[in-house]
2 protein chains.
Amino acid sequence: MPTMSDVARAAGVSVMTVSNVLNGKPRVGAETRLRVLEVVDELGYEINLSARRLRSGRTGAIGLVVPRFDHPYFGDLAARLSSALASTGRHLAVEQSDASKEGELAALSLARLQTYDGVILSVVGLGYDDIDRIRPSFPVVLLGEQHMPPRFDQIHIDNITGARLATEHLLDRGARRIVMVGGGDEGHASMVTLRTRGWELAQQERGVPVDDAAVLPLDRFEMSSARIAVRALLARDPSIDAFFAITDQVAMGVLAGIHDAGLRVPDDVQVVGFDNLALGEFTMPGLTTIDPSNAWIVENAVAALDRRIADRDSAPQHLVSPVHLVERGTSRASRAAPSP
Amino acid sequence: MPTMSDVARAAGVSVMTVSNVLNGKPRVGAETRLRVLEVVDELGYEINLSARRLRSGRTGAIGLVVPRFDHPYFGDLAARLSSALASTGRHLAVEQSDASKEGELAALSLARLQTYDGVILSVVGLGYDDIDRIRPSFPVVLLGEQHMPPRFDQIHIDNITGARLATEHLLDRGARRIVMVGGGDEGHASMVTLRTRGWELAQQERGVPVDDAAVLPLDRFEMSSARIAVRALLARDPSIDAFFAITDQVAMGVLAGIHDAGLRVPDDVQVVGFDNLALGEFTMPGLTTIDPSNAWIVENAVAALDRRIADRDSAPQHLVSPVHLVERGTSRASRAAPSP
DNA sequence: TCACTGGGGTATAACGATAAACCTCAGCCG
DNA sequence: CGGCTGAGGTTTATCGTTATACCCCAGTGA
């Protein structure tokens with residue numbers, strides 16, 4: 001495997017000149033540059049990124065740490081990020097944080113973060129303390145939750161507003177018994193707590209009594225858990241006329257559960273999700289959902305990371321992404337009269 | 001940011017002793033070991049993986065290169081691989097190969113592969129020559145296609161058999177006009193070509209005339225392309241009674257297209273997909289599909305990679321993963337009589 | 001007493017790249 | 001003709017680890 005000094009020797013120049021050519025530094029004559037590039041090509045030389053990073057601290061790689069690889073929301077996020085970075089000559093590597101109890105901390109270890117020039121960290125499911133352990137000097141942008149160490153740049157999804165929009169929409173469409181699937185109160189400002197809070201607020205504002213029993217907690221935000229829970233719930237309580245699902249993936253399970261119970265969407269029961277996955281356009285009927293503005297999130301996350309890489313001491317930015325409702329077929333098309 | 005020599009100084013030992021402690025080498029006394037570990041903890045020292053890799057060639061990181069982050073099939077693969085590797089103390093980073101024209105080659109560049117101890121490469125959509133450029137000495141396992149440079153370890157999905165099973169199943173269930181969505185002949189043994197071949201073979205074997213016009217090519221294997229194409233096709237040709245979709249994702253689009261056309265599944269039209277995504281359990285009705293045995297693939301890919309990392313000269317292995325049919329609701333439950 | 005062994009450690013030289021300082025010479029000015 | 005300048009390079013000193021060789025000393029057997 002050829003090194004820079006192999007190239008230098010073959011081209012009859014010093015190693016430093018090869019490095020300068022490869023990095024586009026100015027102090028090299030035109031024909032020397034050409035000769036070096038020829039030799040590089042001929043030997044099939046490629047730079048050793050570990051060595052470069054050791055000496056210069058740059059690799060051109062950005063890391064994205066997500067809770068799970070197999071959740072479509074993160075796939076979408078990763079794809080967008082990858083495109084955004086590619087246009088500036090960098091690339092993205094994605095790692096998973098919650099594969100195992102031990103793996104969680106390992107993914108956040110400095111050793112692993114260090115291999116990147118900067119890291120975007122989706123903190124869903126991670127604790128305040130886990131994050132707090134990250135060395136402040138390392139460029140990190142946090143994505144998702146509210147209550148995180150303020151010293152980091154952060155981009156929050158407006159969970160409360162999103163959940164409120166969803167719930168208000170269901171109320172507008174005549175729903176009166178709205179179950180919050182995957183909801184709960186985790187004691188801190190987590191996604192679960194905040195979306196549940198938004199669901200409560202919307203009902204309070206409309207003067208609809210909030211029924212704590214209408215929160216359907218879920219141990220995992222998977223389609224199958226949601227399906228089973230919803231099917232069981234509908235069998236017990238036929239008065240339910242709507243579900244607000246904490247994520248679109250959960251909403252998929254909810255739809256299946258409703259179908260299992262022999263009910264129709266949106267005539268018997270309405271459903272709203274959260275995430276605006278591409279998938280939601282292809283359910284039958286299409287899934288009404290909250291769009292968390294992933295494009296906006298990615299754009300601002302990259303900008304924040306670039307700022308921090310350029311200046312590690314700049315003041316941390318806390319941004320909130322806009323959310324909006326996407327109406328499709330799982331909620332009713334027109335305003336329904338308030339229940340009798 | 002503390003280095004090994006900071007630790008050594010604070011513990012009153014040599015750098016080498018710190019290294020030996022951290023790597024579990026035997027030549028260290030019990031109390032020295034303890035003292036070093038204490039100091040490591042106190043200073044919050046973490047190893048620099050770039051330096052380690054530069055010197056020793058090991059990082060404990062395995063790479064997975066996939067065509068796209070946002071395809072659920074690869075999310076599933078990545079999640080499985082991650083678990084499999086975590087149990088042996090390594091971890092997975094996922095990169096994307098086809099973000100852009102330039103990005104494609106960059107992802108396969110030695111520079112990037114090099115940052116991993118080994119790489120698993122999903123070659124769907126990559127050309128023979130792209131792969132052929134990879135330095136043979138680097139540990140790589142290829143996933144997916146048939147026609148790849150034989151010097152690499154490879155795990156093939158049995159595309160022909162899978163497509164044959166799908167098509168035979170549709171024929172068994174009474175289908176006579178089966179459209180191959182996303183099919184075509186790319187001139188080499190690609191996923192598209194092979195699955196189309198399986199679809200042809202099944203029909204030939206059953207004495208059903210193969211209609212080339214029944215191949216519906218797709219520029220991108222996305223739900224929306226499939227939906228539009230299928231809707232248009234059904235409007236033109238009402239005699240179609242089944243679709244074999246090249247992937248489950250395409251199948252989702254097909255189902256939506258059929259719905260758009262006002263037809264019912266499986267009564268009017270039957271559908272079979274390929275990939276056995278988790279999603280397929282949650283469509284209404286559930287998606288009949290081909291299971292490519294991802295668990296088997298991952299298990300064998302890791303084993304092959306480990307073999308190659310241990311011995312770079314071992315003979316390349318070519319394995320074929322078993323496939324089987326998963327029957328759900330988009331195909332009819334019982335054997336139908338042959339068409340009149 | 002002496003060579004020998006092995007446990008516990010240290011000193012030194014890389015791994016491959018780059019930052020920073022330095023060198024060399026042609027051209028030009030005063 | 002001496003000194004200055006700037007283009008085009010080169011030399012040197014690292015970055016943080018680890019492989020390798022080596023050292024020291026207590027205990028052992030002859």
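Please read these numbers as outputs of a predicted model, since none were measured by experiment.
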Tabulate atom names and distances for all N/O pairs under 3.5 angstrom spanning the protein and nucleotides 19-28 of chain C.
residue, atom, partner, partner atom, Å
C:dA19, OP2, A:K25, NZ, 3.3

Any salt bridge linking B:D311 with B:R308? Criterion: basic side-chain nitrogen under 4.0 Å from a carboxylate oxygen.
no
CZ of B:R35 versus P of C:dG9: gap in Å, rounded?
8 Å
Taking CD from B:E46 and P from D:dT17, how many angstroms apart are they, rounded to a whole number?
11 Å
Side chain of A:I47: nearest nucleotide among D:dT18, D:dG16, C:dA17?
C:dA17
Less than 4.0 angstrom between a side-chain N/O of A:R52 and OP1 or OP2 of C:dT18, yes or no?
yes
Between the side chains of B:S56 and B:R58, does any donor sit under 3.5 Å from an acceptor?
no
Rounded to whole Å, how long is the line connecting atom CZ of A:R58 with atom P of C:dA17?
19 Å
Quickly work out the A:E31 CD to D:dA7 P distance and round it to whole Å.
17 Å
Does a side-chain N or O of A:T3 approach OP1 or OP2 of C:dC15 to a distance below 4.0 Å, or not?
no
Any side-chain N or O of B:N48 below 4.0 angstrom from OP1/OP2 of D:dC15?
no
So does A:D70 pair up with B:R80, basic N to acidic O under 4.0 Å?
no
Protein-nucleotide distance (A:N23, atom CG; C:dG16, atom C1'), rounded to Å
13 Å
Side chains of A:F69 and B:V94: closer than 4.5 Å at any heavy-atom pair?
yes
If you find the nucleotide of DNA chain D closest to B:L54 and the one closest to A:V28, which residue's nucleotide is nearer the 5' end?
A:V28
Counting distance only, does the side-chain N/O of A:R90 pair as donor-acceptor with the main-chain N or O of A:A84 below 3.5 Å?
no
Take the protein atom CG of B:L22 and the nucleotide atom C1' of D:dA19, then report the distance between them rounded to whole Å.
16 Å
Could you list the residues that satisfy salt bridge (Lys or Arg N to Asp or Glu O under 4.0 Å) with B:R9, not counting sequence neighbours?
B:D6
Would you indicate what B:S50 reaches in the nucleic acid, counting non-hydrogen atoms under 4.0 angstrom: base, sugar-phosphate, or nothing?
nothing
Can you check whether B:M1 reaches A:S137 side chain to side chain, under 4.5 Å on heavy atoms?
yes
Rounded to the Å, how far apart are A:M1 CE and C:dG16 C1'?
13 Å
